[in-house]
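Below is one structure, written out as structure tokens; the observations come after it.
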Amino acid sequence: MAEAEKETLPARAVALAVLAWLVPGAGHLALRRYARAALFAALIATSLIVGVRLHGNLYRPVRQQPLSMLATGGAMGAGLPYFVLRWGADYDGDPTAGGYEYGTIFLLSAGLMNLLLVLDTLDIARGRKE
């Protein structure tokens, strides 16, 4: 049996995936999937806005709590909005707020959804999906 061919990622696909991670919807926009780009950008933005309005927790690593690293990775999936909220706006949720837990889920969901959109962008760029 012949040696299995190694599949490499084209540089354009990698660049689009990075763009898709940094700016939600931008990867699909660059691929000229305008309706998807608008829908996905609105979905992520809405989730982030609702999470912030509910004063949810924007995860960050906490010493002696290894699972906080996993949650932080999920939240960072939102790309630039995570970093703008964390360091630009110095956002910190309010655990005493009535919607704190719901807000936390919205913020985490925004990051996880965006990571799925990065994979979608990558599949489209590689020709695996329409």
Side-chain angles (χ1 to χ4, degrees):
M1 183 171 186
E3 184 178 320
E5 291 182 31
K6 285 187 178 181
E7 191 174 337
T8 60
L9 289 174
R12 180 175 184 271
V14 172
L16 286 170
V18 170
L19 179 64
W21 171 69
L22 285 173
V23 182
H28 287 87
L29 187 64
L31 288 167
R32 298 182 180 168
R33 303 297 199 278
Y34 302 118
R36 281 186 184 186
L39 178 67
F40 294 151
L43 182 66
I44 302 297
T46 300
S47 187
L48 287 167
I49 291 167
V50 169
V52 168
R53 299 275 302 171
L54 291 172
H55 304 284
N57 179 29
L58 189 61
Y59 283 104
R60 67 178 86 189
V62 177
R63 285 184 169 220
Q64 305 300 321
Q65 293 185 9
L67 288 179
S68 72
M69 298 295 277
L70 188 60
T72 301
M76 288 174 116
L80 280 179
Y82 173 88
F83 298 103
V84 168
L85 284 171
R86 172 65 60 221
W87 289 294
D90 198 31
Y91 176 80
D92 208 11
D94 180 9
T96 63
Y100 177 76
E101 295 294 332
Y102 290 113
T104 300
I105 296 305
F106 273 98
L107 292 169
L108 183 57
S109 295
L112 295 174
M113 283 187 289
N114 196 47
L115 290 174
L116 289 173
L117 297 177
V118 169
L119 294 175
D120 188 55
T121 299
L122 195 57
D123 281 345
I124 294 169
R126 296 176 74 189
R128 291 183 172 182
K129 184 177 178 182
E130 276 292 318

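- Closest heavy-atom contact between Ala13 and Arg126: CB-CG, 4.0 Å.
- By the side-chain contact (heavy atoms from CB on, under 4.5 Å) test, Gln65 is found to be paired with Val62, Ser68, residues two or more places apart in sequence or in another chain being considered.
- Cluster annotation: Leu115 is connected to Leu80 through the hydrophobic network of ILVMFWY side chains, with a link wherever side-chain heavy atoms come within less than 4.5 Å.
- Using modelled atom types, one side-chain atom of Trp21 and one backbone atom of Met76 make a donor-acceptor pair closer than 3.5 Å.
- A continuous path of hydrophobic side-chain contacts links Trp87 to Leu85 [ILVMFWY only; heavy atoms under 4.5 Å].
- Listed here is the closest heavy atom pair of Thr121 and Leu16: CG2-O, 3.8 Å.
- Note that the CD1 atom of Ile105 and the CG atom of Asn57 stand 10.0 Å from one another [nearest 0.5 Å].
- At least one side-chain heavy atom of Leu107 sits under 4.5 Å from a side-chain heavy atom of Val52.
- In this structure, Arg33 has no side-chain hydrogen bond (donor to acceptor under 3.5 Å, both in side chains) partners at least two apart in sequence or on a different chain.
- Tyr82 places no side-chain N or O within 3.5 Å of a backbone atom of Gly74 that could act as its donor or acceptor partner.
- Under the 4.5 Å side-chain heavy-atom criterion for ILVMFWY residues, no single connected hydrophobic cluster contains both Met69 and Leu67.
- Chaining together hydrophobic side chains whose heavy atoms lie under 4.5 Å apart places Tyr102 alongside Val50, Leu54, Phe106.
- Between Asp120 and His28 the shortest side-chain heavy-atom distance falls below 4.5 Å.
- The CD1 atom of Ile124 sits 11.0 Å away from the CG atom of Leu119 when rounded to the nearest 0.5 Å.
- Taking each heavy atom of Tyr91 and Gly51 in turn, the nearest pair found is OH-O, 3.8 Å.
- Panel note: side chain Asn114, backbone Gly77; a donor-acceptor pair is recorded below 3.5 Å.
- Side chains of Arg60 and Asp92 form a contact here, defined as non-hydrogen atoms less than 4.5 Å apart.
- Both Leu117 and Val18 belong to a single network of hydrophobic side chains, linked directly or stepwise wherever heavy atoms of I, L, V, M, F, W or Y lie under 4.5 Å apart.
- The side-chain heavy atoms of Leu29 and Val23, taken from C-beta on, include no pair separated by under 4.5 Å.
- Nearest approach of Arg36 to Glu130, heavy atoms of both residues: NH2-O, 3.4 Å.
- Note on Leu43 and Leu22: same hydrophobic cluster, where clusters join Ile, Leu, Val, Met, Phe, Trp and Tyr whose side-chain heavy atoms are under 4.5 Å apart, directly or indirectly.
- Between Leu48 and Ile44, the closest side-chain pair of non-hydrogen atoms falls below 4.5 Å.
- Heavy-atom minimum distance, Ala37 versus Gly25: CB-O, 3.3 Å.
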